[in-house]
Amino acid sequence: SITLTQLHGHIFNSEPVPERSIVFTFDDGYLDNWVFAYPLMKKYGFHGTIYVNPEFVDEKGGKRLRYDEVADPGSLQTTGFLSWDEMYEMEKEGVMSIESHAMTHTWYPESGKIIDYRHPGDKYIWMTWNNDPGLKYRLQIDDETLIRYGEPVYEHEKSLSGRRFFPDRGLSDHLCEYVREKGGPIFFSNGSWKQILDEEVNIYKSKNRLDERYETEDEYLQRISNELESARTIIENKLDKKVLFHCWPGGSATKKGMEISDNLGFRLTNTANDIKEIRYRIK
């Protein structure tokens, strides 16, 4: 295995690398990178890169047990996200490099079209993240006590992919209160729950003026820049290192986003979905 720095040197400076070289990368900074991947990589002399979102880092700190430290790996905690202490040790050992995966790694509404409502068993954990960003570190799996049942789900996309739509908060609060009054999760045992909520939306809209808007283009581009700069600064300060590489969450790069990451000095990123040709930035 080679590092991203070696890959960069090979691409731009023709620096030699071993035949059949590979680069190991791990997205999102999950706890199992520490519990399993790190000791295995260290055992076999490999090097990898973990792309981390600071908003998901476990701020409680400390280093949890790894599979090579216990007799029964099945007893280990594996759900959750890395702490700064765990990342620091992996960096210090030279086994894992920690790089940027931006800050939020979430989804945002992209229009005012309602496509669903939060209900038991749904897959909209990102809405819990957005409502409770300070708890992201413990929300690899959704927490039912935090779900706002009845909250409208709008057409959405990855947070860095485009301009964000800000829905009317009053409508959301009204629907959540309506579901609470109807029994909370029990309300969804009615097979017509979606049609009932659709009608409630129409009633609300007939009586209220919605307070909603889109980000401006300037706000959107500034948000991208802020995410990339903030993530890099936090990682550098926490781990006393230089962050040189960036991975766009969920392939959320755009041409404009790539230009921003270039201008911020990242050496390599994964490419944007709207760029068809192979594209490198020479530093």
Side-chain angles (χ1 to χ4, degrees), residues 24-41 48-70 72-91 95-109 116-149 151 153-154 156-161 164 185 227-228 230-232 234-235 238-239 243 245-252 270:
F24 286 109
T25 63
F26 303 82
D27 285 1
D28 304 343
Y30 293 116
L31 174 58
D32 58 11
N33 293 176
W34 163 260
V35 175
F36 294 111
Y38 164 58
L40 283 168
M41 300 280 280
T49 295
I50 301 176
Y51 292 112
V52 170
N53 314 91
E55 283 194 355
F56 284 91
V57 174
D58 192 333
E59 293 286 354
K60 296 193 304 295
K63 292 182 284 190
R64 286 155 287 191
L65 290 173
R66 305 186 307 264
Y67 95 93
D68 58 330
E69 298 176 315
V70 299
D72 177 20
S75 65
L76 293 171
Q77 176 187 349
T78 58
T79 300
F81 296 91
L82 295 168
S83 71
W84 293 115
D85 293 316
E86 290 158 345
M87 287 186 274
Y88 187 84
E89 178 165 323
M90 292 188 285
E91 274 271 356
V95 177
M96 295 288 197
S97 293
I98 309 301
E99 301 292 340
S100 169
H101 206 28
M103 283 292 292
T104 61
H105 202 326
T106 190
W107 286 256
Y108 287 147
D116 202 353
Y117 303 89
R118 295 231 61 184
H119 59 276
D122 69 31
K123 304 300 182 183
Y124 307 117
I125 187 174
W126 55 272
M127 296 180 67
T128 308
W129 296 343
N130 294 346
N131 290 333
D132 298 278
L135 300 179
K136 279 184 171 183
Y137 73 93
R138 66 174 180 84
L139 290 173
Q140 183 182 348
I141 297 173
D142 212 345
D143 183 341
E144 293 183 6
T145 66
L146 298 175
I147 296 174
R148 301 182 75 234
Y149 289 115
E151 185 176 13
V153 181
Y154 295 86
H156 50 276
E157 63 181 351
K158 292 296 295 184
S159 58
L160 298 179
S161 291
R164 180 178 182 178
E227 277 219 27
L228 269 58
S230 297
R232 179 173 63 185
I234 291 171
I235 296 170
K238 292 288 188 178
L239 301 180
V243 172
F245 304 100
H246 168 65
C247 177
W248 295 92
S252 58
N270 55 321

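Computed over heavy atoms, backbone and side chain alike; hydrogens, waters and symmetry mates excluded.
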Would the distance check show the side chain of [X] and the main-chain N or O of [Y] forming a donor-acceptor pair, the cut-off being under 3.5 Å?
| X | Y | answer |
| --- | --- | --- |
| H105 | N53 | no |
| E91 | I98 | yes |
| D28 | Y30 | no |
| W34 | M87 | no |
| D132 | G134 | no |

Worksheet item: Is the H156 ring parallel, tilted or perpendicular to the W126 ring (thresholds 30°, 60°)?
Response: tilted
Worksheet item: Within 45° of the axis and under 6.0 Å from the centre of the six-membered ring of Y108, does NZ or CZ of R164 qualify?
Response: yes
Tell me, do [X] and [Y] make a side-chain contact under 4.5 Å, heavy atoms counted?
| X | Y | result |
| --- | --- | --- |
| T128 | K136 | no |
| L31 | R64 | yes |
| D27 | H101 | yes |
| D72 | V70 | no |

For [X] against [Y], the heavy-atom pair lying closest together:
| X | Y | value |
| --- | --- | --- |
| L160 | P249 | CD1-CD, 4.2 Å |
| I125 | R118 | N-NH2, 4.0 Å |
| A231 | S100 | CB-OG, 3.9 Å |

Worksheet entry | Salt bridge present between D58 and R138 (N-O < 4.0 angstrom) | no
Results of side chain to side chain donor-acceptor pair (under 3.5 Å) for [X] - residues two or more places apart only:
| X | result |
| --- | --- |
| Y51 | none |
| Y154 | none |
| N33 | none |
| T104 | S159, E227 |

Fill in: salt bridge (charged side-chain N to carboxylate O under 4.0 Å, His left out) partners of residues 30-41, not counting sequence neighbours, each pair once
none
By salt bridge (charged side-chain N to carboxylate O under 4.0 Å, His left out), which residues pair with [X], not counting sequence neighbours?
| X | value |
| --- | --- |
| D68 | R66 |
| D116 | none |
| K238 | none |
| E151 | R148 |

Discussion item. For a side-chain contact (heavy atoms from CB on, under 4.5 Å) check, start with the C-alpha distance between I50 and M90, then their side-chain angles and the critical distance, and finish with the verdict.
Written reply: CA-CA 10 Å; I50 301 176; M90 292 188 285; 3.8 Å; yes
Worksheet item: Roughly how far, to the nearest 0.5 Å, is CG of L135 from CD of E55?
Response: 11.5 Å
Worksheet item: Atom CG of L239 and atom OG of S97: how far apart are they, to the nearest 0.5 Å?
Response: 10.5 Å
Practice prompt. Kindly write out the residues that satisfy ring-ring contact (aromatic ring centres under 6.0 Å, His included) with H246, not counting sequence neighbours, or none if the list is empty.
Written response: W248, F266
Response to the item:
For W84, the ring-ring contact (aromatic ring centres under 6.0 Å, His included) test, sequence neighbours excluded, returns none
Practice prompt. Any chance you could lay out the side-chain contact (heavy atoms from CB on, under 4.5 Å) test for L40 and Y67, step after step, and finish with the verdict?
Written response: CA-CA 9 Å; L40 283 168; Y67 95 93; 3.2 Å; yes
Discussion item. Tell me if the aromatic rings of F56 and W129 count as close, with their centers under 6.0 Å from one another.
Written reply: yes
Worksheet item: Within a radius of less than 6.0 Å around OH of Y88, do more than 12 heavy atoms belonging to other residues, nucleotides or ligands occur?
Response: no
Item to complete: Check whether more than 12 heavy atoms from other residues, nucleotides or ligands sit under 6.0 Å from atom CD of E59, and answer yes or no.
Response: yes
Mind listing the side-chain donor-acceptor pairs of residues 76-83 below 3.5 Å, one per line with the distance, residues two or more places apart or on another chain?
residue: Q77; atom: NE2; partner: T79; partner atom: O; Å: 3.4
residue: S83; atom: OG; partner: G62; partner atom: O; Å: 2.6
residue: S83; atom: OG; partner: D85; partner atom: N; Å: 3.4
residue: S83; atom: OG; partner: E86; partner atom: N; Å: 3.1
residue: S83; atom: OG; partner: E86; partner atom: OE1; Å: 3.3

